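Heads up, the thing below is written out as structure tokens.
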Amino acid sequence: LRRLPGGEKVTLELVPGDGLIEDLTARRAGRVARRLVKQADIVHLAGVWDPILLAAAREARRADIPYCVAPHGMLDPYALTQSRLKKQIALMAGVRAMLNKASFLQTLNRAERTRMSPLALIPQPEIIPNGISFEEFAELPPSDEFHRSHPELRGEPYILFMGRLHLIKGLDYLADAFAIVARQIAPQ
């Protein structure tokens, strides 16, 4: 992080997490959160299911510090079918309350906001896309550097996919679409 613009402002706080009880309750992590939350103007929780998020939200409420939750697709109907029973229990055991007591929910786009609407959560989801720092792109490598590193692709169509490999990403559709486009643009 130190090499990224603003990275010098980021501090890393290691939270003890040894053992099943701590993994389930985040009791020690909650003590760390209590100290850190008091220093914040707002608390941004990235994710839904980790008990440390419940602890941080609880401490934010105790300190009267607003917090937002960014589910990052974790409340998508498909995602909710994965480990369904665990997620239903977690929703009843505090996750729904954490979400409902948030100042707002951050979604990345309209589709994510729409897909989580069946949960009927209280805060209105706000669409705030992931940002980028233009400073990171101030000094770009030469435009042909990729082809110098991969000469076998020069003049050939290719796809760059950046993301985790998972069925929900639709890579099977992407591969089929790429095959169709490749046939259409290939020299006859």
Side-chain angles (χ1 to χ4, degrees), residues 1-17 23 29 32-33 36-37 39-53 56-57 60 65-80 82-83 99 102-116 124-188:
L1 284 174
R2 300 286 178 244
R3 293 180 291 162
L4 299 176
E8 72 281 354
K9 297 176 186 175
V10 176
T11 59
L12 177 63
E13 192 73 37
L14 297 176
V15 178
D23 290 348
V32 173
L36 295 175
V37 160
Q39 303 169 29
D41 295 319
I42 185 168
V43 175
H44 185 272
L45 304 176
V48 175
W49 307 114
D50 194 325
I52 194 171
L53 301 172
I65 304 290
Y67 69 91
C68 77
V69 179
H72 297 293
M74 294 179 190
L75 298 176
D76 182 277
Y78 174 81
L80 291 172
Q82 308 303 300
S83 301
L99 295 166
S103 295
F104 69 95
L105 305 174
Q106 177 199 0
T107 58
L108 299 178
N109 52 53
R110 283 190 302 260
E112 182 181 13
R113 180 177 63 187
T114 299
R115 287 191 304 264
M116 48 188 273
Q124 273 301 315
E126 300 289 335
I127 298 172
I128 305 173
N130 285 334
I132 62 167
S133 171
F134 289 108
E135 296 166 6
E136 290 182 59
F137 302 98
E139 294 183 33
L140 295 175
S143 60
D144 67 336
E145 183 172 318
F146 178 79
H147 284 116
R148 280 191 284 133
S149 299
H150 302 280
E152 68 278 9
L153 293 176
R154 188 177 298 276
E156 298 294 327
Y158 61 90
I159 293 177
L160 171 64
F161 173 79
M162 295 177 64
R164 66 185 171 97
L165 296 177
H166 192 280
L167 183 63
I168 198 170
K169 300 296 182 179
L171 292 178
D172 50 340
Y173 297 116
L174 180 61
D176 292 343
F178 184 67
I180 292 167
V181 171
R183 281 193 299 272
Q184 290 174 354
I185 65 172
Q188 302 296 331

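The structure presented is a predicted model; accordingly, all values stated were derived computationally and were not measured.
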Open item on the list: Apply side chain to side chain contact (heavy atoms under 4.5 Å, CB included) to residues Tyr67 and Val37 and explain how you reach the verdict.
Closed with: CA-CA 10 Å; Tyr67 69 91; Val37 160; over 6 Å; no

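Rounding to the nearest 0.5 Å gives a distance of 4.5 Å between OH of Tyr78 and NE2 of His166. A distance of 8.0 Å separates CG in Leu53 from CE in Met74, rounded to the nearest 0.5 Å. Considering CG of Leu174 and CZ of Phe161, their distance stands at 7.5 Å, rounded to 0.5 Å.
Legend: salt bridge (charged side-chain N to carboxylate O under 4.0 Å, His left out) pairs involving residues 139-151, not counting sequence neighbours, sorted by first then second residue: Asp144-Arg148.
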Could you give the side-chain donor-acceptor pairs of residues 106-113 under 3.5 Å, partners two or more places apart or in another chain?
{"residue": "Gln106", "atom": "OE1", "partner": "His44", "partner atom": "NE2", "Å": "2.7"}
{"residue": "Gln106", "atom": "NE2", "partner": "Ile128", "partner atom": "O", "Å": "2.8"}
{"residue": "Thr107", "atom": "OG1", "partner": "Glu126", "partner atom": "O", "Å": "3.3"}
{"residue": "Asn109", "atom": "OD1", "partner": "Ala111", "partner atom": "N", "Å": "3.2"}
{"residue": "Asn109", "atom": "OD1", "partner": "Glu112", "partner atom": "N", "Å": "2.7"}
{"residue": "Glu112", "atom": "OE1", "partner": "Leu108", "partner atom": "N", "Å": "2.7"}
{"residue": "Glu112", "atom": "OE2", "partner": "His72", "partner atom": "N", "Å": "3.3"}
{"residue": "Glu112", "atom": "OE2", "partner": "Gly73", "partner atom": "N", "Å": "2.8"}

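Leu45 and Ala57 make their closest contact through CD1-CB, 3.8 Å (heavy atoms, listed as atom of the first residue, atom of the second, distance). When all heavy atoms of Ala56 and Ala33 are compared, the pair lying nearest together is CA-CB, 4.0 Å. Of all the heavy atoms in Ile65 and Ala40, the pair that sits closest is CD1-O, 3.4 Å.
For Glu152, the CD atom counts as densely surrounded, since its 6.0 Å shell holds more than 12 non-hydrogen atoms of other residues, nucleotides or ligands.
For Ile180, the side-chain contact (heavy atoms from CB on, under 4.5 Å) test picks out Arg183, Gln184, with sequence neighbours left out.
For the side-chain contact (heavy atoms from CB on, under 4.5 Å) with Met116, the lone residue among Leu80, Leu105, Asp76 that qualifies is Leu105.
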